[in-house]
**Q** 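Before I ask anything, let me first share the structure, which is written out below as structure tokens.
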Amino acid sequence: MRTPRLVMLGKQGAGKGTQAERVADYYGIVHLSTGDLFRRQAESGSAFALEAKRYMDAGELVPDDIVIGVVEECLRDGGPLSGGFVLDGFPRTTEQADALERLLGERPLDIVVHLEVAREIVVERMRSRAREDDTDDAIERRLELYDRETRPIIEYYEDLGRIVEIDGVGSLEEVFERIVGAVDGRSAVSAG
Ligand code: AMP
């Protein structure tokens, strides 16, 4: 079976990153978190990275042209995303989702996993992980942005018939099994 190309959607704190890492290991595909990429780049201190960091620290979305440019670079032939992958934290807006469809061309996404976790649960999780950009204000702002900018992406992928809803509450293992079940089920359908 060909390696899958998938996107993980869900609120910050829904467990996307942890699950995306396990899914990447399991299928032998690349895990790309745009948030991690921006955080790593911020350490480099370049002007572009510092610009992205300003948005991140305020809990705002980094502008689409910057984010799409970074992902486009990773998708080029021979780039880290030229085979199978799991994207985590991208796309976050319908402009980004559109750009991704266009960039993937003839080898589109196999499946979009929507990890569902209630708002109260993610707020608690984010508070307890205490990352530098996880202040109370930034958490609230990101959830607000999620509702406004990212929810429409779920509808976008629903229309394309790519979305699968996964209950994100449970042990790491339980949630992982649900995701793999959905991805394998989808691959079996595409192969048949
Ligand atoms: P994350 O680690 O996914 O929670 O991302 C941390 C921060 O990076 C976000 O709050 C945004 O400021 C920025 N970021 C990451 N991915 C994107 C994206 N696809 N579009 C816009 N901003 C992003």
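Numbering of ligands and ligand atoms starts at 1, following listing order.
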**Q** Any N/O of Arg39 closer than 3.5 Å to an N/O of ligand 1?
**A** yes

**Q** Strictly below 4.0 Å, N to O, side chains only: are Arg141 and Glu60 in salt-bridge contact?
**A** yes

**Q** What atoms of ligand 1 come closer than 4.0 angstrom to any heavy atom of Gln96?
**A** 18 (C), 19 (N), 20 (N), 21 (C)

**Q** In terms of residue, atom name and distance, what is the protein heavy atom nearest to atom 22 (N) of ligand 1?
**A** Val62 N, 3.0 Å

**Q** Identify the closest protein heavy atom to atom 11 (C) of ligand 1: which residue and atom is it, and at what distance?
**A** Glu60 O, 3.6 Å

**Q** Are Tyr26 and Phe176 near enough that their ring centres are under 6.0 Å apart?
**A** yes

**Q** With a cut-off of 4.0 Å, which atoms of ligand 1 are near a heavy atom of Gly89?
**A** 16 (N), 17 (C), 18 (C), 19 (N)

**Q** Give the contacting part of Leu61 toward ligand 1: side chain, backbone, both or neither, where contact means a heavy-atom distance below 4.0 Å.
**A** both

**Q** Using a 4.0 Å heavy-atom cut-off, which part of Met56 comes near ligand 1: side chain, backbone, both, or neither?
**A** both

**Q** Consider every N or O of Phe38 and every N or O of ligand 1, then say whether any pair is closer than 3.5 Å.
**A** no

**Q** Short list, please: which atoms of ligand 1 are under 4.0 Å from a heavy atom of Gln12?
**A** 4 (O)

**Q** State, with a plain yes or no, whether a side-chain heavy atom of Val7 is found less than 4.5 Å away from one of Leu100.
**A** yes

**Q** Is the shortest distance from a Lys or Arg side-chain nitrogen in Arg54 or Glu51 to a carboxylate oxygen in the other one below 4.0 Å?
**A** yes

**Q** Do the charged groups of Arg102 and Glu72 touch, with an N to O distance under 4.0 Å?
**A** no

**Q** Between Arg142 and Glu149 (salt bridge meaning N to carboxylate O under 4.0 Å), is one present in this structure?
**A** no

**Q** So, are Asp36 and Arg39 salt-bridged, with charged N and O less than 4.0 Å apart?
**A** yes

**Q** Where the closest heavy atom to atom 4 (O) of ligand 1 is concerned, which of Arg142, Lys16, Arg54, Arg92 has it?
**A** Arg92

**Q** Is the shortest side-chain heavy-atom distance between Leu172 and Gln19 below 4.5 Å?
**A** yes

**Q** At less than 4.0 angstrom from any non-hydrogen atom of Thr34, what atoms of ligand 1 do you find?
**A** 15 (C), 16 (N), 17 (C), 19 (N)

